Amino acid sequence: MIATLVLAPLVCGLAGLLLPMRNRPLGAGLGIAGAAVSLVLTVLLLADGTRGQFSSAWARFGDLGVTLTALVDTRALLMSLAVTVVALCVQVYSVGYLAGDGRYGPYAAQISIFTGAMLTVVFSGDLISLLIGWEVMGACSYLLIAHDRTLPEAPAAAVKAFLVTRVGDVGFLLGIVLLGVTAGSFRITDVLAAVPSMSGATVTAAALLLLAGVAGKSAQFPLHTWLPDAMAGPTPISALIHAATMVAAGVYVVARLFPVFAASPTALAVMAAMAGVTLLLGALAATAADDIKRVLAWSTVSQLGYMMAALSAKAVDAALFHLLAHAAFKALLFLCAGSVIHAVGSNLMSRMGGLRKDMPVTFWTMTIGLGALIGLPPFAGFFSKEAVVGALHTQPALWLVALLGVALTAWYSTRLWLLTFFGPARDASVHGHEPGWTMLAPLLLLAVPAAGLGIGALVADYELAHLGVELVLPLALAVLGVAAAWWGWRQADSGDPAAVLGKAGPFLASGLGLDAVQDRLVVRPVRALSRAVTFVDVSGVDGAVNGLGRATTGAGAGLAAWHRATLPRALAGVLIGAVLVTVTAVVFA
């Protein structure tokens with residue numbers, strides 16, 4: 001059953017690639033069927049209590065064996081549930097959002113392959129098969145971000161996402177090799193069992209190498225810059241990447257291999273520092289961005305920082321709880337943003353306003369999503385974010401950063417809500433309207449876990465979902481952030497609350513200028529080095545080889561000319577040679 005669960009979207013995706021590009025009905029049907037089959041099987045496995053490890057031999061590399069192993073536990077099944085629900089919603093939503101798209105067939109197929117690759121990561125019990133799913137996701141993200149060929153920024157964003165994540169993946173690959181060779185097996189259970197017997201240096205090196213890959217995949221500082229630019233892709237893809245695949249993979253892998261990180265205080269310290277910077281950086285960048293999708297993208301960067309912070313504090317369950325809640329409300333927010341963009345024809349909030357009455361379903365579902373993001377009761381984020389913040393009491397500096405992030409999250413979420421749905425319409429040519437039911441149905445479905453996941457966990461007596469005095473401070477800071485954004489909106493006369501930031505606004509919206517820093521410190525030097533290497537290769541290596549070839553060709557041409565000499569010249573040459581031979585013989589006789 002596990003094999004079918006993972007292979008269903010992969011098979012549907014590969015079959016979809018064989019269809020004509022414009023075959024929308026069959027392409028959409030295959031995409032929806034693959035996600036639906038995986039979702040049903042996930043629910044069945046959760047219900048029947050199937051748990052354990054299922055393994056079979058696959059290949060050998062010398063003394064090292066690679067297995068097809070599935071690790072099935074409650075964490076994996078809950079993650080699979082989030083992946084398949086979001087994937088199904090994205091496939092259905094895309095039918096309406098990309099109506100008339102001439103390349104819908106490969107688009108739907110790539111989503112299915114993307115989903116199957118993430119499920120491979122979720123259930124993999126072997127580091128090699130995990131790596132395969134990890135890398136297939138990178139390829140799919142490249143293709144999907146660049147899907148819209150009419151956007152000039154889409155190809156560049158896809159290349160950036162691919163290259164930045166590949167930088168981290170070099171470390172990820174080396175970390176896997178180091179663990180597998182040291183443990184004598186790539187099977188995850190064998191590797192984790194061997195961790196206590198490994199030297200501290202080996203464990204730290206492996207953990208830091210793996211953390212490099214996680215930083216790229218889960219958009220952690222300094223490998224975070226690709227994620228906001230990835231908004232050039234279709235909005236449903238943004239929902240898939242930000243909620244259930246790609247960025248969620250890094251957090252999940254750290255949780256899956258957590259004994260490796262827990263055995264290295266150095267790795268945990270690096271993780272904590274990286275998480276704190278990422279958390280604050282993403283929240284600050286979201287405060288002034290005008291593009292509604294970039295606000296949500298920077299929000300994802302910040303929320304991933306919360307999850308990594310919880311992992312650095314060894315609160316694995318809190319991190320995964322927030323990961324699941326985030327999957328629900330962030331997928332909802334991106335699809336709501338797509339609904340707004342579909343109606344307005346622009347990503348810019350400066351062109352929106354007054355859409356509350358014209359788009360009531362979108363308004364209320366997005367209100368639920370933003371309430372969960374802020375952490376207001378009774379929404380899912382209220383319980384999951386509190387679980388993360390509560391776990392950080394052992395790290396005071398990180399705890400303070402997390403609390404500041406709560407206030408900033410409330411600020412930018414409220415700002416988005418006000419600019420999009422309230423005040424006057426800022427563009428007279430824009431007339432809001434609700435999309436069709438293929439786009440509205442996923443919003444209503446995702447609104448249920450975004451609103452009720454925390455309550456459900458509370459009713460089920462889940463230890464991390466509770467009500468207590470410790471909730472007061474985060475809630476007070478969230479209310480303070482909401483009030484500050486409301487005050488800024490009123491001060492700007494129903495304009496942008498970010499106006500109170502003054503000249504700092506554009507700097508924050510640019511991601512604190514870190515793209516420019518990376519361009520100067522990394523991109524330009526690498527390009528200069530590549531030009532120098534190209535010059536040496538062309539002028540030096542190729543020049544020597546080409547010069548030798550030209551010299552040989554010239555010598556051969558000279559000899560050929562002598563061979564083609566006319567008869568008198570040839571006779572003269574023979575006579576001269578004969579005279580020389582005769583004179584030499586007489587002289588030396």
Side-chain angles (χ1 to χ4, degrees), residues 13 16-17 21 27-28 31 35 83 86-87 89-115 117-118 136-166 216-219 223-249 286 289-301 304 327 330-342 344-348 439 442 511 515:
L17 290 177
M21 287 190 180
V83 172
V86 172
C89 288
V90 166
Q91 289 279 16
V92 174
Y93 185 94
S94 297
V95 173
Y97 191 84
L98 273 75
D101 190 291
R103 299 179 59 252
Y104 191 88
Y107 166 85
Q110 289 156 14
I111 292 178
S112 293
I113 297 172
F114 205 162
T115 304
M118 181 60 188
V136 170
M137 278 196 292
C140 290
S141 68
Y142 168 79
L143 295 170
L144 289 166
I145 293 169
H147 174 77
D148 191 347
R149 303 293 198 269
T150 63
L151 292 177
E153 63 269 26
V159 170
K160 183 176 182 179
F162 189 78
L163 292 179
V164 172
T165 53
R166 292 291 77 68
K217 217 68 159 185
S218 288
L223 300 180
H224 66 284
T225 53
W226 68 270
L227 193 57
D229 288 356
M231 297 305 95
T235 304
I237 297 309
S238 300
L240 189 65
I241 290 175
H242 286 252
T245 60
M246 196 73 173
V247 297
D290 188 29
D291 187 320
I292 189 171
K293 288 176 65 177
R294 287 184 77 88
V295 172
L296 296 176
W298 281 118
S299 169
T300 299
V301 172
L304 290 167
K330 190 53 64 70
L332 173 61
L333 286 172
F334 267 107
L335 296 185
C336 285
S339 179
V340 172
I341 294 168
H342 188 266
V344 174
S346 172
N347 292 17
L348 302 180
M439 292 173 63
D515 254 332

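Computed from a predicted structure; not experimentally measured.
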Nearest atoms (heavy-atom pairs only) where [X] meets [Y]:
X      : Y      : result
Met137 : Ala249 : CE-CB, 3.5 Å
Leu240 : Ala87  : CD1-CA, 4.0 Å
Ala109 : Gly13  : CB-O, 3.2 Å
Ala154 : Ala232 : CA-CB, 3.7 Å
Val95  : Ala28  : CG2-CB, 3.9 Å
Ala158 : Ala146 : CB-CB, 3.5 Å

Which residues satisfy the side chain to side chain donor-acceptor pair (under 3.5 Å) test with [X], sequence neighbours excluded?
X      : result
Ser299 : Lys330, Tyr412
His147 : Asp101, Arg103
Lys217 : none

**Asked** How would you list all residue pairs meeting salt bridge (charged side-chain N to carboxylate O under 4.0 Å, His left out) that involve residues 235-248, not counting sequence neighbours?
**Response** none
Could I get the full list of side-chain contact (heavy atoms from CB on, under 4.5 Å) partners for [X], not counting sequence neighbours?
X      : value
Val136 : Ile113, Ala117, Ile132, Cys140
Thr165 : Trp226, Met246
Gln110 : Pro106, Leu143, Leu144
Leu163 : Val159

**Message:** Test of understanding: with ring pair (Phe, Tyr, Trp, His ring centres under 6.0 Å), list the residues that count as partners of Phe114, not counting sequence neighbours.
**Reply:** none
**Request:** Under the ring pair (Phe, Tyr, Trp, His ring centres under 6.0 Å) rule, collect the residues that match up with Tyr93, sequence neighbours excluded.
**Result:** Tyr97
**Item:** Distance, nearest 0.5 Å, that separates CD1 of Ile237 from OG of Ser141
**Value:** 10.0 Å
**Prompt:** Nearest 0.5 Å, what's the OG1-NZ distance between Thr300 and Lys293?
**Reply:** 11.5 Å
**Within-4.5 Å side-chain heavy-atom neighbours: Val86 and Thr245** =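 Val86 does not reach Thr245 side chain to side chain.
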**Item:** Within-4.5 Å side-chain heavy-atom neighbours: Leu98 and Pro236
**Value:**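 The answer is yes, as the side chains (C-beta and beyond) meet within the 4.5 Å cut-off.
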**Prompt:** Got a sec, which residues hit salt bridge (charged side-chain N to carboxylate O under 4.0 Å, His left out) with Asp229, two or more places apart in sequence or on another chain?
**Reply:**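 Salt bridge (charged side-chain N to carboxylate O under 4.0 Å, His left out) list for Asp229, sorted by chain: Lys160, Arg294.
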Which side-chain N or O atoms in residues 332-341 pair as donor and acceptor under 3.5 Å with protein atoms at least two apart or in another chain?
| from | atom 1 | to | atom 2 | distance (Å) |
| --- | --- | --- | --- | --- |
| Ser339 | OG | Thr362 | OG1 | 3.0 |

**Prompt:** When you look at Met231 and Trp298, which way does the side-chain contact (heavy atoms from CB on, under 4.5 Å) test go after all the steps?
**Reply:** CA-CA 11 Å; Met231 297 305 95; Trp298 281 118; over 6 Å; no
